[in-house]
Colleague: 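Got a structure for you, questions after.
Reminder, nothing fancy here: chain letters follow the sequence lines and each chain counts from 1.
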Amino acid sequence: MANKKPASRPAKKPAATLRRAAAAPRTATVSQFFTSKGGPWGKCFLPRAKGARRFWLVKSEPLEFSWDDLLASPGQTTRWDGVRNHAARNFLRDGMKLGDLVFFYHSDADPSAIVGVCEVAHEAYPDLTAFDPAHDGYDPDSTPATPTWFVVDLRAVEALPRPVTLAMIKRTKALAQMALLRVGRLSVTPVTSAEWKVITALARG
DNA sequence: GCCAACGTTGGC
DNA sequence: GCCAACGTTGGC
């Protein structure tokens with residue numbers, strides 16, 4: 001399976017919270033701050049009401065693994081492996097639950113855009129590629145007994161009627177606080193239900 | 001524990 | 001191709 005690279009572009013002008021986190025760290029990186037329970041997106045780790053659904057966004061470079069590649073996969077499902085960033089891992093491992101909906105974002109693309117919706121078809125389990133010395137994602141610190149890296153299974157739900165480009169997201173005020181824009185280099189980020197509605201409305205044109 | 005060097009993502 | 005802004009590494 002193609003590598004889903006952990007990353008995201010940092011906000012051009014860091015929000016005050018980001019600046020504070022970067023300036024006052026000692027104990028935590030910026031990503032750790034953002035993904036901690038006390039951070040701006042801590043809510044996505046809290047217990048939820050039974051049946052409540054949460055929303056996420058994952059990135060993939062289309063040359064590595066595209067939306068069409070997902071549609072062509074058995075059961076239109078893929079193992080989302082290759083995440084090698086702790087903050088992204090935390091969202092994936094601790095946040096994502098069965099049935100959650102996930103935007104599929106093409107990064108480093110022309111244009112970079114959200115192109116489809118998937119769902120979590122299987123909750124987190126260890127990333128086997130981290131155990132394989134022959135694999136790009138090999139990490140000798142991750143062992144079967146104490147795995148560092150995890151995957152979820154994602155199944156395609158539907159393509160967006162129209163892709164929602166990064167440019168559209170950036171010029172939409174209601175999306176200014178999206179984790180996609182505000183925290184850097186994360187391949188897995190939370191999406192609020194309000195943001196989800198706005199984006200799906202944009203996709204319908 | 002500090003921090004400079006380095007590697008990476010990904011928009012532009 | 002450039003480079004900002006991250007995370008990681010390793011010398012001390």
Colleague: Once you round it to whole Å, what is the distance between P of C:dA5 and CG of A:Asn85?
Modeller: 18 Å

Colleague: Can you tell me the distance, in whole Å, between the CG atom of A:Asp139 and the P atom of C:dT9?
Modeller: 9 Å

Colleague: Can you find a side chain N or O atom of A:Lys59 that sits less than 4.0 Å from OP1 or OP2 on B:dG11?
Modeller: no

Colleague: Expressed in angstrom and rounded to an integer, what is the separation of A:His106 atom NE2 from B:dG11 atom P?
Modeller: 12 Å

Colleague: From CZ of A:Arg89 over to P of C:dT8, roughly how many Å is that when rounded to an integer?
Modeller: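 Those two atoms, CZ and P, are 10 Å apart.
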
Colleague: When rounded to the nearest 0.5 angstrom, what is the spacing between OG1 in A:Thr78 and CZ in A:Phe104?
Modeller: 8.0 Å

Colleague: Report the distance from atom CG of A:Asp110 to atom P of C:dG1, rounded to the nearest whole Å.
Modeller: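 Those two atoms, CG and P, are 17 Å apart.
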
Colleague: For the residue pair A:Phe103 and A:Trp196, does the interplanar ring angle fall in the parallel (under 30°), tilted (30 to 60°) or perpendicular (over 60°) class?
Modeller: parallel

Colleague: Of A:Asp108 and A:His86, whose closest DNA chain C nucleotide lies nearer the 5' terminus?
Modeller: A:Asp108

Colleague: Whole-Å distance between B:dT8 P and A:Leu186 CG?
Modeller: 17 Å

Colleague: Of the non-hydrogen atoms in A:Phe131 and A:Pro126, which two are nearest, and what is the gap between them?
Modeller: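 Residues A:Phe131 and A:Pro126, closest heavy atoms: CZ-CB, 4.3 Å.
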
Colleague: Rounded to whole angstrom units, what separation is found between the CE atom of A:Met168 and the P atom of B:dG11?
Modeller: 16 Å

Colleague: Is the shortest side-chain heavy-atom distance between A:Arg54 and A:Arg48 below 4.5 Å?
Modeller: yes

Colleague: For A:Arg171 and B:dC12, give me the distance from atom CZ to atom P, rounded to whole Å.
Modeller: 11 Å

